[in-house]
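Hydrogens, waters and symmetry mates are skipped; everything else that's a heavy atom, side chains included, is used.
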Amino acid sequence: ARIYHEILDAAAALPGVTSAGLTNALPLQPGSLTGSSYTVESRPADEDVLQKIVMFGVISNGFLDAMGTPLVAGRDIERADYDHARPVILINEQFAREAFGDADPIGQRVRFSGESWLEIVGVVKDVRLMGPREELRPIAYLPMTAPVPGARMGLMHVALRTDGDP
């Protein structure tokens with residue numbers, strides 16, 4: 001992950017750049033998100049009900065700012081989350097509604113397909129990643145060091161926000 005931090009730092013230092021982030025799943029790129037069933041620790045799954053699916057992508061700190069995606073509760077992913085391999089996750093509002101109803105999701109834990117538990121540290125505004133007509137779907141954002149199969153960094157894209165025309 002160190003090379004990605006170096007790329008991120010270099011991009012953020014460019015003249016006119018106000019925020020920079022990395023992701024493996026840019027909007028409007030079909031197939032860039034990974035999907036998985038999930039379990040909420042505080043709400044055991046009913047074995048007679050088909051498990052729900054969440055789509056997820058890997059992001060760095062700064063990605064939400066670069067994309068103009070507001071955080072509506074909690075905190076963003078931080079550099080320390082990578083440095084200390086903290087098992088944290090951000091979810092969108094649709095995921096929060098679907099999995100927690102009116103309950104506060106911050107501090108709750110989820111896992112994908114029986115893997116490690118991840119603590120929800122933030123809720124992100126809903127975004128239609130595949131276009132304006134897309135139905136809202138539950139989406140999770142994982143840090144680059146998340147212990148989840150499919151949440152590998154692989155090809156990462158740099159997202160920049162500038163204070164003028166790039």
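- Note: F63 CZ to T69 OG1 = 6.5 Å, rounded to the nearest 0.5 Å.
- Proximity of V158 to L22: side-chain heavy atoms (C-beta onward) are separated by under 4.5 Å at one or more points.
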Side chains of residues 88-99: which donor-acceptor partners sit under 3.5 Å, not counting sequence neighbours?
{"from": "N92", "atom 1": "OD1", "to": "F95", "atom 2": "N", "distance (Å)": "2.9"}
{"from": "N92", "atom 1": "OD1", "to": "I139", "atom 2": "N", "distance (Å)": "2.9"}
{"from": "N92", "atom 1": "ND2", "to": "D126", "atom 2": "OD1", "distance (Å)": "3.1"}
{"from": "N92", "atom 1": "ND2", "to": "R137", "atom 2": "O", "distance (Å)": "2.9"}
{"from": "E93", "atom 1": "OE1", "to": "D126", "atom 2": "N", "distance (Å)": "2.9"}
{"from": "Q94", "atom 1": "OE1", "to": "R97", "atom 2": "NE", "distance (Å)": "3.4"}
{"from": "Q94", "atom 1": "OE1", "to": "R97", "atom 2": "NH2", "distance (Å)": "2.8"}
{"from": "R97", "atom 1": "NH2", "to": "D126", "atom 2": "OD2", "distance (Å)": "2.7"}
{"from": "E98", "atom 1": "OE2", "to": "Y38", "atom 2": "OH", "distance (Å)": "2.7"}

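- In terms of heavy atoms, A25 sits closest to H157 at N-CD2, 4.4 Å.
- The line from CG of N24 to CZ of F56 is 8.5 Å long, rounded to the nearest 0.5 Å.
- Between M144 and V58 the shortest side-chain heavy-atom distance falls below 4.5 Å.
- For the pair L142/F112, a side-chain contact is recorded, criterion being any heavy-atom separation below 4.5 Å from C-beta on.
- Taking all atoms of both residues into account, the shortest heavy-atom contact from Y4 to M156 is CE2-CG, 3.3 Å.
- Closest approach of I77 to P143, counting heavy atoms only: CD1-N, 3.6 Å.
- With hydrogens and angles disregarded, no donor-acceptor distance shorter than 3.5 Å links the side chain of Y141 to the backbone of T23.
- Proximity of a side-chain donor or acceptor of R161 to a complementary backbone N or O of D65 within less than 3.5 Å is detected.
- Between D81 and R75 there is a side-chain heavy-atom pair separated by less than 4.5 Å.
- Proximity of E6 to D9: side-chain heavy atoms (C-beta onward) are nowhere separated by under 4.5 Å.
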**Asked** Where do V123 and I106 land on the side-chain contact (heavy atoms from CB on, under 4.5 Å) test, with the steps shown first?
**Response** CA-CA 8 Å; V123 178; I106 304 300; 4.0 Å; yes
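- In this structure, the separation between OG on S60 and CD on E78 is 13.0 Å, given to the nearest 0.5 Å.
- Both V72 and F100 belong to a common hydrophobic cluster when Ile, Leu, Val, Met, Phe, Trp and Tyr are linked at side-chain heavy-atom distances under 4.5 angstrom.
- L160 and A20 make their closest contact through CD2-CB, 3.5 Å (heavy atoms, listed as atom of the first residue, atom of the second, distance).
- Connection of I53 to L136 is not established within any shared hydrophobic cluster, with ILVMFWY side chains joined at heavy-atom distances below 4.5 Å, either directly or through further cluster members.
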**Request:** Please step through side-chain contact (heavy atoms from CB on, under 4.5 Å) for the pair W117 and T39, ending with a clear verdict.
**Result:** CA-CA 9 Å; W117 289 105; T39 304; 4.1 Å; yes
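- Counting heavy atoms from C-beta outward, E119 and R86 have side chains that stay 4.5 Å or more apart.
- Contact between A159 and A66 at its shortest, heavy atoms only, is O-CB, 3.4 Å.
- Distance CZ/R133 to CZ/R128: 11.5 Å, rounded to 0.5 Å.
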